[in-house]
Number of protein chains: 2
Amino acid sequence: MNFNNLSGIVPLDLASEILSLLEKQTFSKNHLLHKQGTICNHIYLVQKGIARTFFYKEGKDITVHIASEGELITAIDSVISLKKSRYNVELLEDSEILTISYKALQSLMEKHPEHEKYMRLILEQLYAEGADRIEEFLFYSAKERYDNLIKKRPHLINRVNLGHIASYLGITQETLSRIRKHP
Amino acid sequence: MNFNNLSGIVPLDLASEILSLLEKQTFSKNHLLHKQGTICNHIYLVQKGIARTFFYKEGKDITVHIASEGELITAIDSVISLKKSRYNVELLEDSEILTISYKALQSLMEKHPEHEKYMRLILEQLYAEGADRIEEFLFYSAKERYDNLIKKRPHLINRVNLGHIASYLGITQETLSRIRKHP
DNA sequence: TATACTTTTTGACAATTGTCAAAAAATGAA
DNA sequence: TTCATTTTTTGACAATTGTCAAAAAGTATA
C-alpha cells in the first residue's frame with residue numbers, strides 16, 4: 001500500500017489535518033527508528049530511503065518487514081498492544097521519515113470520528129496484504145517467493161542486502177544466492 | 001480473536017444494532033458457505049462448528065484459514081476488493097453460522113459512524129494476528145509450528161483432518177504425520 | 001457385524017533447503 | 001589506488017521436507 005498520495009484514500013481536508021501531525025526528519029543509514037525491548041508509540045512513513053523491521057532469533061537477524069518510499073513501518077507487535085516490542089526498526093539508507101504518534105492519531109480520531117473510516121480502509125488494505133504474504137508461504141517454494149518479490153517490488157533487489165531479503169522470504173542467504181544463479 | 005462476547009469490544013447499545021444484521025443459519029457438514037470464482041459479499045461468524053477457507057493449487061487442496069466457535073471467516077481476497085474469489089469456505093462439521101452482509105455493515109457505518117471505531121479495533125486485532133502467522137513461517141520449523149498450533153488452538157487437533165492442518169501449516173500430510181510420531 | 005469409504009501412517013527414495021567454512025567479489029574509506 | 005570491511009558466492013555435506021505407493025487404522029452405514 002502506497003501512502004505517497006494520501007489523496008487517493010483520504011479526502012483533502014482531512015488529509016491536511018493528518019499531515020499536520022506528521023513530523024519530518026532526516027536520519028542516516030543504520031539509524032534505529034525503534035529499539036527492541038521498548039514500547040513503540042509511533043508509525044513511520046518512509047518518504048525517501050528504505051527501512052526494515054527485524055529481530056534476533058537464536059543470534060540470527062531476521063527481517064520481518066521492508067518499507068520503501070510511500071510505505072509504512074512500525075513495531076507492529078507493540079504499537080497496538082502497547083507491549084514491549086521484540087522488533088528493531090532500522091534504516092538501510094539515509095532516509096527522510098515522517099513520524100506520527102499513534103496516540104496523536106487516536107486523539108485525532110476521538111475528536112474527529114470522520115477519520116475512523118479512513119483508518120479502517122487503510123487497515124483493510126494492510127490486512128489483505130498480510131493475507132497475501134501468508135499465501136506466499138503456503139503455496140510457493142523459495143524460488144517462487146523470490147520471483148514473486150522481484151515482480152512485485154523490483155526496486156528492493158538492488159537496495160537491500162541479500163541476507164535481509166533471504167530472511168524476509170524465510171530462507172537462508174546461501175539458498176537465495178543459489179536460487180539467483182539458476183533462473 | 002474471539003467474537004462470542006462482542007461486549008468486550010463493542011458497547012452494548014451498538015452491539016445490539018450489529019446483532020440485528022446477523023442472520024443465523026444451520027448448515028450440515030461439507031456445505032460450502034462460499035464458492036470460488038464468485039464475489040464474496042458476506043462475513044461469517046462461526047457460532048457452533050468449524051469452517052475452513054481453502055483453494056486448489058495444482059490440484060492440491062490447501063487450507064488457508066480455520067475458524068471455530070467465536071471466530072470469523074470469509075473469502076478475504078474478495079470481500080474487500082470485490083474481485084472474484086479464489087477461495088472456498090467449507091464447513092467441517094454441522095454448524096451454526098451467523099451471516100452478515102458486508103454491504104449492510106458498511107451501510108450501518110455510513111449511518112452511524114460511531115461503529116467505525118469498533119471496526120477499526122477489530123481490524124487492528126486481525127492485522128496483528130496475521131503478522132503473528134507470518135512470523136510463524138519466518139522463525140519456526142514445521143515441528144515448531146505444529147507445537148505452537150497445539151498450544152494456541154488445541155481444540156482444532158481432533159476436529160480437523162490432518163491433511164487440512166498440514167496444509168494450513170505449509171507442509172504435507174505425511175510430514176505432519178511423522179512430526180506427530182516423534183514428540 | 002460386514003462392507004465401503006475415508007483418514008492416517010509407513011516405507012523407500014528424491015528434492016529442497018540448511019549449516020559451516022572459505023573464497024571471491026563488491027564497497028567504502030584513507 | 002590500496003587496504004580493510006562487508007557482502008555475496010561456492011563447496012561439501014547434513015537435515016528437513018516432499019513424493020508416490022501401499023498398508024493400516026478409523027468411521028459410517030447397511
Side-chain angles (χ1 to χ4, degrees), chain A residues 28-32 49-50 52 54 56-63 66 90-95 134 136-150 154-183, chain B residues 28-32 49-50 52 54 56-63 66 90-95 134 136-150 154-183:
Chain A
S28 53
K29 184 172 170 172
N30 296 326
H31 175 78
L32 289 181
I50 198 158
R52 71 177 182 124
F54 73 99
Y56 295 99
K57 195 210 171 186
E58 292 157 17
K60 273 173 294 183
D61 152 339
I62 296 181
T63 297
I66 302 174
E90 179 192 57
L91 297 180
L92 303 180
E93 299 175 353
D94 297 348
S95 302
I134 291 167
E136 291 278 315
F137 287 104
L138 293 179
F139 310 137
Y140 299 110
S141 67
K143 167 148 190 41
E144 290 171 314
R145 296 205 295 279
Y146 179 68
D147 291 342
N148 290 343
L149 183 68
I150 288 187
H155 55 290
L156 297 187
I157 305 304
N158 296 314
R159 295 172 68 188
V160 181
N161 282 352
L162 205 62
H164 298 155
I165 291 179
S167 66
Y168 179 77
L169 294 173
I171 57 179
T172 62
Q173 165 162 331
E174 293 92 330
T175 295
L176 180 52
S177 175
R178 288 176 176 119
I179 281 172
R180 264 197 331 184
K181 266 203 79 178
H182 305 288
Chain B
S28 54
K29 183 171 169 172
N30 297 326
H31 175 79
L32 289 182
I50 198 158
R52 71 175 182 126
F54 73 99
Y56 295 100
K57 192 207 173 190
E58 292 156 18
K60 274 174 293 186
D61 154 337
I62 296 182
T63 296
I66 302 174
E90 179 192 57
L91 297 179
L92 303 180
E93 299 175 352
D94 296 348
S95 303
I134 291 168
E136 291 277 316
F137 287 104
L138 292 180
F139 310 138
Y140 300 110
S141 68
K143 165 146 189 41
E144 291 171 314
R145 296 205 294 279
Y146 179 67
D147 292 342
N148 291 343
L149 183 69
I150 287 185
H155 54 287
L156 297 187
I157 305 303
N158 296 315
R159 294 171 70 188
V160 181
N161 282 353
L162 205 62
H164 298 155
I165 291 178
S167 67
Y168 179 75
L169 294 172
I171 57 181
T172 61
Q173 164 161 333
E174 292 93 331
T175 294
L176 181 52
S177 175
R178 288 174 177 122
I179 281 173
R180 263 197 333 183
K181 265 203 81 177
H182 305 289

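Every chain is numbered from 1 and lettered A, B, ... according to where its sequence line falls, protein lines coming before strand lines. Computation of the quantities below employed the complete heavy-atom set of this structure, encompassing side-chain atoms and omitting hydrogens, waters and symmetry-equivalent molecules.
- Of the residues in residues 157-165 of chain B, not one places a heavy atom less than 4.0 Å from an atom of DNA chain D.
- At least one side-chain heavy atom of B:F54 sits under 4.5 Å from a side-chain heavy atom of B:E90.
- Partners of B:S177 under the side-chain hydrogen bond (donor to acceptor under 3.5 Å, both in side chains) rule, at least two apart in sequence or in another chain, do not exist in this structure.
- Under the salt bridge (charged side-chain N to carboxylate O under 4.0 Å, His left out) criterion, A:R159 pairs with A:E69, A:E93, not counting sequence neighbours.
- Not counting sequence neighbours, the partners of A:N148 by the side-chain hydrogen bond (donor to acceptor under 3.5 Å, both in side chains) test are A:E136.
- Applying the side-chain contact (heavy atoms from CB on, under 4.5 Å) test to B:I150 and every residue at least two apart in sequence or in another chain returns B:Y146, B:I157.
- In the helix from C:dT1-D:dA30 to C:dA30-D:dT1, the terminal helix axes, each the rotation mapping four pairs' C1' atoms onto the next four within five end pairs, subtend 50°, rounded to 10°.
- Near DNA chain C, meaning a heavy atom under 4.0 Å away, the residues from residues 168-175 of chain A are A:G170, A:I171, A:T172, A:E174, A:T175.
- Of all nucleotides in DNA chain D having an atom under 4.0 Å from a heavy atom of chain A, the first and last in 5' to 3' order are D:dT7 to D:dA12.
- A search for side-chain hydrogen bond (donor to acceptor under 3.5 Å, both in side chains) contacts involving B:N161 returns nothing, not counting sequence neighbours.
- Under the salt bridge (charged side-chain N to carboxylate O under 4.0 Å, His left out) criterion, B:D61 pairs with B:R52, not counting sequence neighbours.
- Partners of A:Y140 under the ring pair (Phe, Tyr, Trp, His ring centres under 6.0 Å) rule, at least two apart in sequence or in another chain, do not exist in this structure.
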(request) Between protein and nucleotides 25-30 of chain C, map the contacts as a letter string: B base, S sugar-phosphate only, - none, heavy atoms under 4.0 Å, written 5' to 3'. (result) ------
